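Note: hydrogens, waters and symmetry copies are ignored here, and every other heavy atom, side chains too, is used. From a predicted model like this one, the values you see are computed outputs, not experimental measurements. We count residues from 1, following the sequence as given.
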Amino acid sequence: MADSSGRALELAFLGGFNAPRPQLVDADGDGDLDLFVQEVTGRVAMFERVGSRDDLPRFVFRTSHYGGLDVGEWYRFADVDQDGDLDLLAEQPYSYLKYFRNDSRRGAQTFVLAADTLRDTEGRAMFSDRQNIPQLGDLDCNQRSDLLIGRLDGTVARYEAERSQPRAAPAFRLVANEFEGIRIIGQQGTPGQIVPGPFGPGPSMHGANTMALTDHDSDGDLDLFWGDFFEPGLLLIENTGTCSSLNFRGQPVQFPRGDPILTSGYNAPTFGQVGGSGDLELVLGVLGGAYNPLRTSADNLYYLRRDSGGRWSLKSRRLLPVLDIGSETIPAVGDFDSDNDLDLLLANKLDPADLKSSRVYLIENVGSVTQPAFRVGKPLGLLPRYHQAPALGDLDGDGRLDLVVGQWGPRVAWYRQSGSELQAVDTAIVTLTRGSNTVPGLGDLDADGDLDLMVGESSGFLNFYRNTGNRTRPTFTLESDEYGGLKVGRRSAPLLIDIDRDGDLDLLVGSELDGLTLFRNNGTRTSPRFQRVTARLPEVPALAAPAAGDFDRDGDLDLVIGGVGGGAVYLEQVH
């Protein structure tokens, strides 16, 4: 897989990112910093650093659920007990702090849940609003961990770990409810701060926040970085004092000074040192704040590097080479360009480069029949609609695949390939009797030689339209808007495929939160009878939308699953 510029997407089928929460950590004890990224509640993915390429670190995907640990809404690796290895703090629902102690030796991490609720020295349960990510560091260089917790009013509470018995959970002493008088206000229109062009002055506000501590100026003490929901930049609050005499009372400034990074807001930073060079690196996850997070639904994992002269430069807005076109993707698979191999279409909710319409991208197979190689191309020339949902099939019998496209509303459109263009034949070939978010699926469900239409929608019911025309002139007639009484979770996305290769069509349906549901056809080719399969299916992203094709020509169907992250997951069928 390659993007439109030809850059290899080595991690193409990870599903994309919308709100990546990164941390640089030496997870395997080999002396370099690996990358952890949390995208979904409860789990964190791990990527091992294996070198560099084109002035960027190169990472290999290792696991989507590191250690099987449930981290809630946030995580933070740190040497909490000061024993020389990295422990883990995470969110205990709802908004408490749990502590995983690292009981392993260097390079072989073993985490044990030592406290499901950390407490201060007065015995009170410690609390951090679950949308805020705390930070740990030794601010005063006394070999005790300091814990900073950002509050929703823009203040910062500072705790310090008290010495505890070996293997016991640490207790934290409250040092200051309002550390150094810090009160962060999101800088919407505040003089001296830069906001993205489309946004004019507005009220200053505070909100969800993230923090990082690092000695960015190499003066021997830790400085504080703050990302806020209502702040388009990353704020630096510099320690102008020392370890023994802290001073964080200066004015926060957008970072890097003079050329700040500006995003949709709520920026989550993590810093690290690059090998033995002395250079610093910064990975910035854009969680999406007050400045329209759809703008950064694809460009949201920034990589910056500081050279020996202290200058920071932006190297990438997409550090991990993942297929990502925005959010809430819906795929379709077929030989779209009639060159005898399978191509991939991928649609998003709203395009980050437009925000006025969804786009359907052709991801062309430029490889061979048995060894596919894909390249992201330009979007197809469709009429502007929100949340377009493609399905492919030859409706008019001309030997070329046509396109039926759902949308945010109740209609499904039909486009015909005409030369190198797409011609809108009917912008409402069907209109739902109720519901919205139409997601079509095509298949000859009654084996009469033409394609019928199954349409999923927001409530989770399935709408079945029988083709009462013929293979060159389709006419779709509604037979049921609650087909078979079948219902999956909200936002049903149907796919008609012969998944068990018994000669009739089965039904695979994606949904918002309930993953994939398979209904096996226990009837016949002409009279289907669907029964839900209770066997466990592979885990897939939220807002799962399936498509299928035999990409490697091994005789079975592989799956491509769209989802909330804006990319796709590839599942190969094995026997």
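- Side-chain contact, Thr110 with Ser104: no donor N or O sits under 3.5 Å from an acceptor N or O.
- We find the CG-CG distance between Asn209 and Asn132 to be 4.0 Å, quoted to the nearest 0.5 Å.
- Tyr75 and Asp70 are not linked by any side-chain donor-acceptor pair at a separation below 3.5 angstrom, with hydrogens and angles left out of the test.
- Between the OG atom in Ser327 and the NE2 atom in His387 there is a gap of 7.5 Å [rounded to 0.5 Å].
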Exercise. Under the side-chain contact (heavy atoms from CB on, under 4.5 Å) criterion, do Asp79 and Asp87 qualify, and how do the steps go?
Worked result: CA-CA 5 Å; Asp79 186 4; Asp87 308 298; 3.7 Å; yes

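- Put simply, CG on Leu301 and CG on Leu284 are 8.5 Å apart, with the number rounded to the nearest 0.5 Å.
- Ion pairing of Arg311 with Asp307 is present here, as a side-chain N (NZ or NE/NH1/NH2) and a carboxylate O approach within less than 4.0 Å.
- Ring-centre distance between Tyr570 and Phe13: below the 6.0 Å cut-off.
- Side-chain N/O atoms of Thr270 and Gln23 include no donor and acceptor closer than 3.5 Å.
- For Asn267 and Thr263, the side-chain atoms include at least one donor-acceptor pair closer than 3.5 Å.
- Contact annotation: the side chain of Ile330 approaches that of Val439 to within less than 4.5 Å [non-hydrogen atoms, C-beta and beyond].
- No side-chain donor-acceptor contact under 3.5 Å links Asn348 and Glu328.
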For this session: Could you check Leu24 against Leu35 for side-chain contact (heavy atoms from CB on, under 4.5 Å), going step by step and ending with a plain yes or no?
Result: CA-CA 5 Å; Leu24 291 167; Leu35 179 64; 4.0 Å; yes

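- Sparse packing is recorded around CD of Gln371, with 12 or fewer heavy atoms of other residues, nucleotides or ligands lying under 6.0 Å away.
- Two residues are said to be in side-chain contact when any heavy atoms from C-beta on lie closer than 4.5 Å; Tyr361 and Leu380 fail this criterion.
- Inter-residue side-chain proximity for Asn365 and Phe551 is flagged as unmet; no heavy-atom pair is nearer than 4.5 Å.
- Counting heavy atoms from C-beta on, the side chains of Leu213 and Leu224 come closer than 4.5 Å.
- In terms of heavy atoms, Pro269 sits closest to Thr210 at CD-OG1, 3.5 Å.
- Ion pairing between Arg491 and Glu512 fails under the 4.0 Å rule for side-chain N and carboxylate O.
- Closest heavy-atom contact between Pro331 and Ile561: CG-C, 4.4 Å.
- Minimum heavy-atom separation, Trp226 to Gly150: CH2-CA, 4.0 Å.
- Between Arg21 and Val40, the shortest heavy-atom distance links the atoms NH2-N, 3.9 Å.
- In the model, Gln82 has a side-chain atom that pairs as donor or acceptor with a side-chain atom of Ser145 under 3.5 Å.
- Leu147 is listed as a side-chain neighbour of Leu97, based on a closest heavy-atom distance under 4.5 Å.
- Counting heavy atoms from C-beta on, the side chains of Leu222 and Asn239 never come closer than 4.5 Å.
- Rounding to the nearest 0.5 Å gives a distance of 9.0 Å between CG of Leu139 and CD of Glu180.
- With respect to the salt-bridge test (charged N to carboxylate O, under 4.0 angstrom), the residues Glu91 and Arg76 do not qualify.
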Problem set entry | From CA spacing to verdict: side-chain contact (heavy atoms from CB on, under 4.5 Å), Gln254, Leu235 | CA-CA 5 Å; Gln254 289 176 328; Leu235 295 181; 3.9 Å; yes

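- Under the 4.0 Å criterion applied to side-chain N and carboxylate O atoms, Asp299 and Arg317 are not assigned as salt-bridge partners.
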For this session: Walk me through it: do Asp55 and Tyr303 pass the test side-chain hydrogen bond (donor to acceptor under 3.5 Å, both in side chains)?
Result: CA-CA 10 Å; Asp55 211 21; Tyr303 181 77; over 6 Å; no

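- Ring orientation note: the planes of His216 and Phe225 are nearly perpendicular, at an angle over 60° on the 30°/60° scale.
- Pairing each heavy atom of Leu345 with each of Leu403, the nearest pair is CD1-CD1, 3.6 Å.
- Arg359 is not listed as a side-chain neighbour of Lys378, based on a closest heavy-atom distance of 4.5 Å or more.
- Salt-bridge check for Asp279 with Arg305: passed, with a basic side-chain N closer than 4.0 Å to an acidic carboxylate O.
- A salt bridge links Asp146 with Arg158: the closest approach of a Lys/Arg side-chain nitrogen to an acidic carboxylate oxygen falls below 4.0 angstrom.
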For this session: Would you check, one step at a time, whether the test side-chain contact (heavy atoms from CB on, under 4.5 Å) holds for Asp223 with Asp221?
Result: CA-CA 7 Å; Asp223 306 297; Asp221 54 47; 3.8 Å; yes

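- In this structure, Phe77 and Phe36 have tilted ring planes: the angle between them lies in the 30° to 60° band.
- Remark: Glu539 engages Arg43 in a salt bridge, criterion side-chain N to carboxylate O under 4.0 Å.
- Closest heavy-atom contact between Ile149 and Pro134: CG1-CB, 4.2 Å.
- For Glu281 and Lys315, the salt-bridge test fails: no basic side-chain N is under 4.0 Å from an acidic carboxylate O.
- Here Leu86 contributes atom CG and Gln109 contributes atom CD; the two are 6.5 Å apart, rounded to the nearest 0.5 Å.
- A salt bridge is absent between Arg58 and Glu48: the closest approach of a Lys/Arg side-chain nitrogen to an acidic carboxylate oxygen does not fall below 4.0 angstrom.
- Using a 30° and 60° split on the angle between ring planes, Phe17 and Phe47 fall in the perpendicular class, above 60°.
- By the 6.0 Å contact criterion, NZ on Lys98 is enclosed, its count of non-hydrogen atoms from other residues, nucleotides or ligands being greater than 12.
- To the nearest 0.5 Å, atom CG of residue Asn437 and atom OH of residue Tyr386 are 13.0 Å apart.
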